[in-house]
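Have a look at the structure below, then the notes.
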Amino acid sequence: NAGVTQTPKFQVLKTGQSMTLQCAQDMNHEYMSWYRQDPGMGLRLIHYSVGAGITDQGEVPNGYNVSRSTTEDFPLRLLSAAPSQTSVYFCASSSQYSNQPQHFGDGTRLSIL
Amino acid sequence: ELKVEQNPLFLSMQEGKNYTIYCNYSTTSDRLYWYRQDPGKSLESLFVLLSNGAVKQEGRLMASLDTKARLSTLHITAAVHDLSATYFCAVDISDTGTASKLTFGTGTRLQVTL
């Protein structure tokens with residue numbers, strides 16, 4: 001049981017490039033979320049999904065797109081990378097049971113030059 | 001807009017001592033979560049607190065929730081070096097009724113010294 005799997009673990013991009021961060025979960029969770037973590041700050045919600053085909057914006061959605069075509073996968077797309085998007089990105093998933101936490105992937109460390 | 005504040009931001013404590021981390025939030029919620037993060041690692045769930053007066057304990061850590069005061073505490077008893085990490089509280093106010101849209105505090109970096 002892998003839990004939440006994120007790829008790649010590390011990535012360096014040039015300003016203006018685009019890329020997709022992959023996230024997959026094998027726990028049949030309804031809910032999935034993307035967060036970014038910057039030094040000295042807590043995690044901030046980028047986008048989230050309450051089920052296949054349903055997504056919504058979080059606190060810091062600008063510059064990012066998401067889609068949820070299957071329950072398992074929730075990719076995050078950077079449309080035109082900017083240095084301000086240098087961060088660690090975490091994907092998380094959770095079930096419909098209120099007594100369960102969100103489970104986090106290992107993160108993707110992204111640097112934009 | 002929901003605000004979640006933790007204090008202190010940094011805590012250096014000696015082994016064997018007790019201390020409390022505080023988490024205040026600005027909007028009514030009955031779902032609060034505590035996580036631990038080691039440097040360069042992911043977040044590990046510690047506690048799920050779902051109602052006013054909820055108290056959970058695991059080893060040297062005990063968490064409580066006062067929804068009326070919008071306050072959660074994480075109490076550390078007789079700290080040991082292995083507890084050195086950053087601790088985050090997070091609140092969910094979404095209408096899903098579960099942990100789906102968390103707002104995090106800025107974290108408390110705990111350093112336990114000999």
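In what follows, chains are A, B, ... by sequence order, proteins preceding strands, each numbered from 1. Keep in mind it's a predicted model, so treat the numbers as computed, not measured. Side chains are part of it too, since the values below use all heavy atoms of this structure and drop only hydrogens, waters and symmetry mates.
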At a 4.5 Å cut-off on heavy atoms, which part of [X] comes close to chain B: side chain, backbone, both, or neither?
{"X": "A/F104", "answer": "both"}
{"X": "A/R44", "answer": "neither"}
{"X": "A/Y97", "answer": "backbone"}
{"X": "A/Q96", "answer": "backbone"}
{"X": "A/Q37", "answer": "side chain"}

**Message:** If the threshold is 4.0 Å, N to carboxylate O, is there a salt bridge linking B/E1 and B/K3?
**Reply:** yes

Is the backbone of [Y] close enough, under 3.5 Å, to the side chain of [X] for a donor and an acceptor to pair up by distance?
{"X": "A/S49", "Y": "A/G51", "value": "yes"}
{"X": "A/Y35", "Y": "B/L102", "value": "yes"}
{"X": "B/Q111", "Y": "B/Q14", "value": "no"}

Non-hydrogen atoms of chain A under 4.5 Å away: do they reach the side chain of [X], the backbone, both or neither?
{"X": "B/S45", "result": "side chain"}
{"X": "B/Y35", "result": "side chain"}
{"X": "B/L50", "result": "side chain"}

**Fill in**
Looking only at A/L43, A/D106, A/N99, the option with the highest number of non-hydrogen pairs under 4.5 Å against chain B is A/L43

**Asked** Mind checking whether A/L45 and B/K101 have side chains closer than 4.5 Å, heavy atoms only?
**Response** yes

**Request:** Evaluate the criterion side-chain contact (heavy atoms from CB on, under 4.5 Å) for residue pair B/L49 and B/V55; output intermediate values, then yes/no.
**Result:** CA-CA 7 Å; B/L49 302 170; B/V55 178; over 6 Å; no

**CD/B/E15: more than 12 non-hydrogen atoms of other groups inside 6.0 Å** = yes

